[in-house]
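Just the heavy atoms: all of them, side chains too, but no hydrogens, waters or symmetry mates, feed the values below.
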Amino acid sequence: MSLTIKAHIAAHFNLNLRTAKQTKLTDYNVKIRPKPIYHSNQLIAFQPKMSAAVKSASSAIKSSLIEPDGGVLVDLVVPESERGLRTTEAESMPRVKLTKIDLEWVHVISEGWASPLRGFMRENEYLQSLHFNCLRMKDGSIVNMSLPIVLAIDDETKERIGSSTNVALLGPTGDLIGILRSIEIYKHNKEERIARTWGTTAAGLPYVEEVITPAGNWLVGGDLEVLKPIKYNDGLDHYRLSPQQLRKEFDNRQADAIFAFQLRNPIHNGHALLMNDTRRRLLEMGYKNPILLLHPLGGFTKADDVPLDVRMEQHSKVLEDGVLDPETTIVSIFPSPMHYAGPTEVQWHAKARINAGANFYIVGRDPAGMGHPTEKRDLYDPDHGKKVLSMALGLEKLNILPFRMRTFARSGENPPDGFMCPGGWKVLVQYYESLQAEEATQQPAILTS
């Protein structure tokens with residue numbers, strides 16, 4: 001017996017979205033407005049108003065409450081003074097052309113989201129990630145790394161590289177992006193990668209069809225150098241804050257707790273109430289200035305997800321209307337592509353936020369999941385994501401905050417004001433009470449038998 005309540009996002013915000021289901025997965029790019037949605041980065045510019053006494057009392061507070069994995073935040077962007085020399089050097093190297101999603105991974109690696117990873121994975125890193133969801137460091141410590149971050153090449157490119165130890169990386173339009181040094185080329189076993197990452201090889205997995213199926217049969221790993229910061233020129237670059245920039249902003253705001261919330265859909269009232277309730281809970285725990293990192297995913301998403309520019313405009317309106325407090329909220333785009341790999345992928349999402357400085361992570365129902373591509377059911381158990389996060393190796397220092405709405409209903413407690421009409425909430429409470437009563441009557445019968 002189950003009860004599912006679905007909120008239709010468009011009903012909350014009257015979004016003018018296409019309702020026809022899109023079946024083409026390869027065309028995930030959206031048309032970007034010719035001018036930015038935001039004319040300035042208001043979130044970065046904001047400075048909280050504090051008295052001199054408060055400033056003095058809080059001067060010792062730092063946002064670096066949680067160290068990045070490996071202890072040092074990776075930054076692989078070449079200093080401007082060295083770019084000319086590296087560019088000249090790269091011109092004589094064999095070339096590897098990147099896809100748009102490869103470039104998103106270059107962005108992720110170069111800014112330190114995957115710290116301590118310093119490039120596309122070599123084979124030993126790939127196998128650890130694929131089979132153990134973590135990497136063992138030289139000092140014996142363990143860091144979480146649940147998704148393989150790899151670069152595929154085809155036979156022709158492998159032949160062209162030959163015995164070279166370094167390669168130049170070209171963007172989708174042919175511009176020089178960076179260098180991959182001390183490379184290692186190894187076999188790309190696609191079936192094994194898909195089965196281990198998704199737990200199925202069923203047809204219709206969006207990332208598989210977009211990235212893995214058409215990819216080459218080889219993987220090339222090595223140390224990455226990026227010639228300049230990755231930009232998309234879509235009017236949203238000022239919202240793509242690196243982990244280093246986020247940590248600096250947390251310090252500027254004198255934050256003593258950072259709670260991160262990832263989403264790939266518009267914010268509805270339930271989301272907002274849960275985020276506000278989380279801040280209230282942290283204040284009750286004794287924190288003085290908890291800051292929300294509202295962190296929409298900005299890389300590849302499947303064709304029927306709401307496009308990034310629409311989501312960002314909607315998020316902006318939510319702050320403008322005061323549904324979330326701009327003084328205690330930072331909105332930033334997380335540049336990672338989306339796998340829809342459920343409990344495996346949600347570990348990556350949590351790990352990346354550690355590197356950004358977050359020490360609390362909000363997790364909801366079926367995080368990073370999707371419907372089964374060929375059957376009418378969820379691909380993953382909706383509760384497994386939060387359970388896995390509570391047990392995952394390398395995530396012990398991150399505090400997991402699960403959504404509490406069903407817990408409220410089971411215990412008969414009232415939810416945050418405005419979450420649901422009182423009559424509707426009473427229906428849910430009575431439902432869970434009936435389940436508990438049914439279980440209580442069944443247990444003595446089982447014991448008797």
Side-chain angles (χ1 to χ4, degrees), residues 68-130 135-139 143 145 147-188 193 211 215-231 242-244 299 335-337 352 355:
D69 281 344
V72 178
L73 192 61
V74 167
D75 180 0
L76 302 177
V77 179
V78 173
E80 191 170 359
S81 61
E82 300 176 20
R83 289 175 192 168
L85 180 62
R86 304 293 175 87
T87 300
T88 301
E89 183 183 4
E91 289 174 353
S92 62
M93 297 177 184
R95 299 183 175 188
V96 173
K97 190 167 185 179
L98 305 173
T99 66
K100 292 177 181 178
I101 297 176
D102 291 336
L103 185 61
E104 292 172 358
W105 283 120
V106 168
H107 185 178
V108 166
I109 299 168
S110 68
E111 290 187 342
W113 295 103
S115 294
L117 194 67
R118 300 190 62 83
F120 286 104
M121 291 178 175
R122 297 182 175 90
E123 188 174 32
N124 67 330
E125 296 166 324
Y126 171 71
L127 292 175
Q128 289 182 70
S129 173
L130 192 66
L135 300 178
R136 184 177 295 277
M137 306 298 292
K138 290 181 179 179
D139 63 1
V143 298
M145 192 69 72
L147 288 185
I149 300 179
V150 292
L151 178 60
I153 58 173
D154 57 21
D155 292 348
E156 182 182 345
T157 303
K158 179 178 180 291
E159 187 70 22
R160 188 166 62 248
I161 292 172
S163 60
S164 297
T165 56
N166 305 321
V167 296
L169 302 178
L170 303 184
T173 60
D175 51 322
L176 182 62
I177 298 297
I179 296 171
L180 203 61
R181 296 188 185 274
S182 303
I183 64 169
E184 177 186 355
I185 297 175
Y186 54 102
K187 191 69 176 176
H188 186 191
R193 179 183 174 190
V211 179
N217 295 320
W218 305 94
L219 298 174
V220 55
D223 299 325
L224 178 66
E225 297 175 2
V226 177
L227 295 180
K228 57 184 179 181
I230 303 299
K231 300 294 181 185
S242 69
Q244 190 175 57
S336 176
N355 287 328

Answer yes or no: does atom [atom1] of [X] have more than 12 heavy-atom neighbours from other residues, nucleotides or ligands under 6.0 Å?
X: Lys138; atom1: NZ; result: no
X: Arg86; atom1: CZ; result: yes
X: Glu80; atom1: CD; result: no

Tell me, do [X] and [Y] make a side-chain contact under 4.5 Å, heavy atoms counted?
X: Asp223; Y: Arg122; answer: yes
X: Thr165; Y: Arg181; answer: no
X: Glu104; Y: Pro335; answer: no
X: Met145; Y: Met121; answer: yes
X: Thr99; Y: Val211; answer: no

I'd like to know if the side chain of [X] reaches the main chain of [Y], judged simply by a donor and an acceptor atom lying under 3.5 Å from each other, with no hydrogens or angles considered.
X: Ser110; Y: Val77; answer: no
X: Arg83; Y: Val78; answer: yes
X: Asp69; Y: Asn355; answer: no
X: Thr88; Y: Gly84; answer: yes
X: Arg95; Y: Gly174; answer: no
X: Gln244; Y: Leu73; answer: no

What do the steps show when you test Val220 against Phe120 for side-chain contact (heavy atoms from CB on, under 4.5 Å), and what is the final call?
-> CA-CA 7 Å; Val220 55; Phe120 286 104; over 6 Å; no
Looking at Leu151, Ile161, Val96, which one forms a side chain to side chain contact (heavy atoms under 4.5 Å, CB included) with Ile183?
->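 Going through Leu151, Ile161, Val96 one by one, the side chain to side chain contact (heavy atoms under 4.5 Å, CB included) with Ile183 is satisfied by Ile161 alone.
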Can you spot which of Leu103, Leu227, Asp102 makes a side chain to side chain contact (heavy atoms under 4.5 Å, CB included) with Ile177?
->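 Output: one option passes, namely Leu103.
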Measure the spacing between [atom1] of [X] and [atom2] of [Y] and express it to the nearest 0.5 Å.
X: Asn166; Y: Leu180; atom1: CG; atom2: CG; result: 8.5 Å
X: Leu130; Y: Glu125; atom1: CG; atom2: CD; result: 13.5 Å
X: Ile179; Y: Leu169; atom1: CD1; atom2: CG; result: 8.5 Å
X: His107; Y: Leu76; atom1: NE2; atom2: CG; result: 12.0 Å
X: Asn124; Y: Arg136; atom1: CG; atom2: CZ; result: 13.0 Å
X: Leu170; Y: Leu176; atom1: CG; atom2: CG; result: 6.0 Å

For [X] and [Y], work out which heavy atoms get closest and say how close.
X: Tyr186; Y: Glu184; value: CD2-O, 3.9 Å
X: Pro94; Y: Ser164; value: CG-OG, 3.3 Å
X: Pro148; Y: Ser129; value: N-OG, 3.3 Å

Test His188 against Arg193 for side-chain contact (heavy atoms from CB on, under 4.5 Å), laying out the working first.
-> CA-CA 8 Å; His188 186 191; Arg193 179 183 174 190; 3.1 Å; yes
May I have the step-by-step check of side-chain contact (heavy atoms from CB on, under 4.5 Å) for Ile109 and Val226, ending in yes or no?
-> CA-CA 10 Å; Ile109 299 168; Val226 177; over 6 Å; no
Where do Trp105 and Leu224 land on the side-chain contact (heavy atoms from CB on, under 4.5 Å) test, with the steps shown first?
-> CA-CA 11 Å; Trp105 283 120; Leu224 178 66; over 6 Å; no
